[in-house]
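Not measured: the values here are computed from a predicted model. Throughout, residue positions are numbered sequentially from 1 according to the sequence presented.
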Amino acid sequence: MQAAAITLPILIAQDVVSVWMFRRSWDLKLVGILLAGAVFGVIAGFALAAWVSTAAVELSLGVITALFGAQRIWVERAGRHHRAEQCAALGGACSSAWRPASPARSRIAGGPPVQMYLMPRQLGRDLFIGTSTLFFAILNWIKVPAYLALGQFTHQNLVVAGALLPLAVGSTVLGAYLVRRVSGRLFYLLMYVLMILVGLKLAWDGIAGTGLSFHSATPLTKRVA
């Protein structure tokens with residue numbers, strides 16, 4: 001919770017820079033749809049928090065994300081085109097159901113469902129970034145009252161956030177500069193590859209969190225002995 005409280009002001013500052021740099025490059029209808037799913041997801045996440053562990057969500061979301069990234073690469077390399085509505089339906093369900101399960105990891109665990117909703121629509125590079133950026137910018141402000149109510153914006157946390165702020169803003173500007181020099185096709189390919197990597201990392205964290213281990217089984221000889 002403390003880490004999330006330190007990160008949130010930094011993300012909000014980055015959002016200001018990103019929204020400005022990609023101003024008017026967004027689809028407000030898609031942003032509205034995503035926000036409706038996110039609000040439902042936040043409510044569902046808090047309601048299910050007592051029964052569903054973060055590790056289980058990470059494992060499930062990680063597997064779905066990695067498979068989605070691999071499937072999109074296979075589809076595009078094979079030259080096939082699935083209807084956007086079918087993939088968007090999957091992405092919409094994921095974005096509403098899984099998004100809030102770990103609020104402190106919204107940029108990691110929340111990013112893949114949003115990408116699963118937007119990517120099959122084959123938006124232009126700037127439109128994709130602008131739409132997702134505006135969505136996260138609004139969503140981060142929605143989180144502020146909750147952290148205020150929890151008393152997490154302490155002097156110590158804000159000082160740490162302020163110290164990290166210049167690096168965060170600088171990296172955001174550099175990232176936008178580099179993205180605009182990548183072709184739309186290469187951009188999507190890189191996003192799919194990163195989704196696979198993020199999915200595998202989430203799945204690994206989920207396995208570690210559930211206590212599963214591929215090396216935990218007792219050898220047969222020891223069990224017999």
Practice task
Could you tell me which residues satisfy side chain to side chain contact (heavy atoms under 4.5 Å, CB included) with Val182, sequence neighbours excluded, listed by chain and number?
Solution key: Leu186, Phe187, Leu190

Practice task
For Thr172, enumerate each residue passing the side chain to side chain donor-acceptor pair (under 3.5 Å) test, keeping only those at least two apart in sequence or located in another chain.
Solution key: Gln14

Exercise for the section: Following the transitive rule for hydrophobic clusters with a side-chain heavy-atom cut-off under 4.5 Å over Ile, Leu, Val, Met, Phe, Trp and Tyr, establish whether Val173 and Val16 coincide in one cluster. Expected result: no

Fill in the blank from the handout: Between Arg181 and Arg125, the two heavy atoms sitting closest are N-NH1, 4.3 Å

Problem - Which atom of Ala161 lies closest to which atom of Ile6, heavy atoms considered - result: CB-O, 3.4 Å

Exercise for the section: Quick one: closest heavy-atom pair of Ile129 and Thr133, and the distance? Expected result: O-OG1, 2.7 Å

Exercise for the section: Flag the pair His155 / Val159 as yes when at least one side-chain heavy-atom distance between them is below 4.5 Å, and no otherwise. Expected result: yes

Practice task
Taking all heavy atoms of Ala66 and all of Ile196, pick out the closest pair and write down the distance.
Solution key: O-CG1, 3.7 Å

Handout entry: Distance (rounded to the nearest 0.5 Å) between Leu139 CG and Ser132 OG
Key = 12.5 Å

Practice task
Treat each ILVMFWY residue as a node, draw an edge where side-chain heavy atoms are under 4.5 Å apart, and state whether Trp141 and Leu148 are in one component.
Solution key: yes

Practice task
Give a yes or no on whether the backbone of Phe128 and the side-chain of Thr131 come within a donor-acceptor separation of less than 3.5 Å.
Solution key: no

Exercise for the section: Would you mind reporting whether Val144 and Phe153 have side-chain heavy atoms less than 4.5 Å apart? Expected result: yes

Exercise for the section: Check Pro9 against Leu158 and note the closest heavy-atom contact, atom names and distance. Expected result: CG-CD2, 4.2 Å

Can you give the donor-acceptor pairs under 3.5 Å from side chains of residues 19-40 to other protein atoms, not counting sequence neighbours?
from, atom 1, to, atom 2, distance (Å)
Arg23, NH1, Trp20, O, 2.5
Asp27, OD1, Lys29, N, 3.0
Asp27, OD1, Leu30, N, 3.2

Practice task
Supply the atom-to-atom distance Ile10 CD1 to Leu164 CG, rounded to the nearest 0.5 angstrom.
Solution key: 4.5 Å

Problem - Donor-acceptor contact below 3.5 Å, side chain Thr65 vs main chain Gly62 - result: no

Problem - Distance (rounded to the nearest 0.5 Å) between Ile64 CD1 and Leu59 CG - result: 9.5 Å

Completion exercise
Rounded to the nearest 0.5 angstrom, the CE-CG distance for Met195 and Leu67 is 10.5 Å

Practice task
Identify the two heavy atoms, one from Ala13 and one from Leu165, that lie closest to each other, and give their separation to 0.1 Å.
Solution key: CB-CD1, 3.3 Å

Handout entry: Rounded distance (nearest 0.5 Å) linking atom CZ of Phe68 with atom CD1 of Ile73
Key = 10.5 Å

Handout entry: CG on Leu118 to CE on Met191, rounded to 0.5 Å
Key = 9.5 Å

